[in-house]
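By convention here, the first residue in the shown sequence is residue 1. Remember, predicted model here, so these are calculated numbers, not experimental data.
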Amino acid sequence: MSGVKNNPLTIFVCTHVPFRVPPYIEARPDIYTIITNSRGRFLPTKLRVLRVDNMQCDYGPEENLCLNEWRMINAIYHMKNLPEYIGICHYNRYFDPSVIERLDMKVLTDSGYDMVIGQPARYSDLLKEEHDTFTYYGYWHNYKDFLTYEKVIREQYPEMLEAFLEMKEQDYLYNSALMILKRDDFLNLCDYSFKTYESMKKEFGIHNDKEALQYVLDRKDEYVKPYNAYYTAEMQSRLLSYGQERYGTNTWLRKKREDGTKILDKAAEIQWYMLSKKDVDLQ
């Protein structure tokens, strides 16, 4: 895969399916590029469509579900001539277009911020009952899986434990698929994420989609189901990808730089939108 066009900012729209590009995204082919592991046919679009195959990513199709959009992020990681700033969004989750229109990278850095990130999902907005750590991290998935993730951090990445425990005590999580950051920070996030992903594969005994699905089916009674849209065996089999997206990213955001500040200290939050399936589906 060749590098992206000579542009200080490219926002990669990660998708595993062909979709209908929203008009305000279609109008900015200078900024947005679609990256996909789908072999399906897209509607005609002004946006560049980059297709991920085995030659462009460390991970083959047997890990499509395990990695989800992280497989596309891995492909970006291996590109040559990456732009100065890299944006990531999902095919139905976008930054407020009015913010993107006004976003100037020089203004961003002059303001003291290194990156922008979509506003986090707060559990207090999602759960009506009394909150505790179990309901926070068992909301979408299996709380025992979260504890396994914590075990790996404690035993193999003790330098990240303080950041992990701080993340654990919060009632919100940022989404890795909604950020704009400097190239070096993007590469640093990927270095951490894919290194820990390999450790999680060994700990969970999951190396491909088939093993991931069987892992979930063997433990189906351990999953809570308050958020029914996410409770399907196929969705839950993405547990390693979700672990990196939610726990890995939010731990990395609290990593300390050499000057003692956390990465998150210099991240500006901006509004984002989630489109409905009828807005983007081709079916």
Side-chain angles (χ1 to χ4, degrees), residues 14 16 37 52 54 57-78 88 90 121 133-134 136-170 173-179 185-220 222-224 230-255 263:
C14 298
H16 65 288
N37 58 352
V52 175
N54 294 346
C57 178
D58 282 351
Y59 302 101
E62 69 277 3
E63 291 185 60
N64 273 342
L65 290 181
C66 287
L67 272 164
N68 205 11
E69 66 253 29
W70 273 99
R71 188 161 182 266
M72 276 74 87
I73 293 173
N74 182 269
I76 299 168
Y77 176 64
H78 285 88
I88 303 292
H90 195 259
T133 302
F134 174 83
Y136 291 160
Y137 296 103
Y139 181 70
W140 284 292
H141 306 297
N142 182 347
Y143 183 59
K144 290 183 179 179
D145 293 344
F146 173 77
L147 294 179
T148 301
Y149 199 102
E150 179 177 346
K151 174 177 178 287
V152 171
I153 299 299
R154 285 183 179 278
E155 294 178 355
Q156 299 183 38
Y157 303 95
E159 72 281 5
M160 298 297 289
L161 183 58
E162 180 182 352
F164 179 90
L165 293 177
E166 181 183 319
M167 177 272 296
K168 181 179 178 180
E169 293 304 312
Q170 306 304 314
L173 288 175
Y174 292 95
N175 191 322
S176 62
L178 283 164
M179 59 172 59
D185 281 338
F186 170 78
L187 295 174
N188 186 275
L189 169 61
C190 288
D191 285 340
Y192 173 71
S193 295
F194 293 116
K195 179 173 63 176
T196 52
Y197 173 72
E198 290 298 326
S199 298
M200 298 301 167
K201 286 202 300 185
K202 294 177 182 178
E203 187 68 30
F204 281 90
I206 293 174
H207 303 87
N208 54 55
D209 290 348
K210 183 178 179 180
E211 291 179 354
L213 181 60
Q214 192 60 52
Y215 178 93
V216 171
L217 293 175
D218 289 345
R219 295 161 178 80
K220 60 183 180 181
E222 296 177 2
Y223 286 78
V224 293
Y230 272 85
Y231 190 81
T232 66
E234 182 182 81
M235 289 296 289
Q236 297 294 354
S237 70
R238 299 176 182 178
L239 75 158
L240 296 185
S241 172
Y242 287 134
Q244 295 308 105
E245 174 186 332
R246 291 169 179 152
Y247 316 140
T249 298
N250 282 269
T251 298
W252 177 82
L253 283 169
R254 291 168 173 81
K255 178 182 178 181
I263 294 172

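- Nearest heavy atom pair, residue K144 against residue N142, reads N-OD1, 2.9 Å.
- Side-chain N or O atoms of N74 include one that pairs as donor or acceptor with a backbone N or O of D58 at under 3.5 Å.
- The pair E63-K201 meets the salt-bridge criterion, since a charged nitrogen lies less than 4.0 angstrom from a carboxylate oxygen.
- Note that CD of E198 and OH of Y59 are 3.5 Å apart. Values are rounded to the nearest 0.5 Å.
- The CG atom of N208 lies 11.5 Å from the CG atom of N64; values are rounded to the nearest 0.5 Å.
- Within 6.0 Å of atom CD in Q156, more than 12 heavy atoms from other residues, nucleotides or ligands are found, so the atom counts as buried in its surroundings.
- Residue T251 holds its OG1 atom at 11.0 Å from NZ of K168, rounded to the nearest 0.5 Å.
- Put simply, CD on E234 and CG on L213 are 8.0 Å apart, with the number rounded to the nearest 0.5 Å.
- L240 CG to S199 OG: the interatomic distance, rounded to the nearest 0.5 Å, is 11.5 Å.
- Panel note: side chain D209, backbone L65; a donor-acceptor pair is recorded below 3.5 Å.
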For T148 and E203, what are the C-alpha separation, side-chain angles and deciding distance, and is it a side chain to side chain contact (heavy atoms under 4.5 Å, CB included)? CA-CA 8 Å; T148 301; E203 187 68 30; 3.5 Å; yes

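- Under the 4.5 Å side-chain criterion, counting only non-hydrogen atoms from C-beta, L178 is not in contact with H90.
- At least one donor-acceptor pair closer than 3.5 Å links the side chain of Q244 to the backbone N or O of S193.
- Residues D145 and Y242 have side chains not in contact (no heavy-atom distance under 4.5 Å, counting atoms from C-beta outward).
- Between F146 and H141, the closest side-chain pair of non-hydrogen atoms is not below 4.5 Å.
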As a quick check of understanding, evaluate side chain to side chain contact (heavy atoms under 4.5 Å, CB included) for T196 and M160, giving each step before the final call. CA-CA 11 Å; T196 52; M160 298 297 289; over 6 Å; no

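- Looking at L239 and I206, their side chains come closer than 4.5 Å, going by heavy atoms from C-beta outward.
- Expressed to the nearest 0.5 Å, how far CG of L165 lies from CZ of R154 amounts to 5.0 Å.
- For the pair W252/D185, a side-chain contact is recorded, criterion being any heavy-atom separation below 4.5 Å from C-beta on.
- Closest approach of N37 and R71 over heavy atoms only: CB-NH1, 3.4 Å.
- Contact between A212 and S237 at its shortest, heavy atoms only, is CB-O, 3.3 Å.
- Side-chain atoms of N250 come within 3.5 Å of backbone atoms of Y174 as a donor-acceptor pair (strictly under, hydrogens ignored).
- In this structure the side chain of I88 never reaches within 4.5 angstrom of the side chain of S176, judged on heavy atoms.
- Side-chain atoms of T249 never come within 3.5 Å of backbone atoms of R246 as a donor-acceptor pair (strictly under, hydrogens ignored).
- Residues E69 and H16 form no side-chain contact, since every pair of their non-hydrogen atoms from C-beta on lies 4.5 Å or further apart.
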Test side chain to side chain contact (heavy atoms under 4.5 Å, CB included) on F186 and I76; report intermediate values, then the result. CA-CA 10 Å; F186 170 78; I76 299 168; 3.7 Å; yes

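- The ring pair (Phe, Tyr, Trp, His ring centres under 6.0 Å) check on W70 picks up F194, with sequence neighbours excluded.
- Not counting sequence neighbours, the partners of Y215 by the ring pair (Phe, Tyr, Trp, His ring centres under 6.0 Å) test are F204.
- The closest side-chain heavy-atom distance from Y192 to K255 is not below 4.5 Å.
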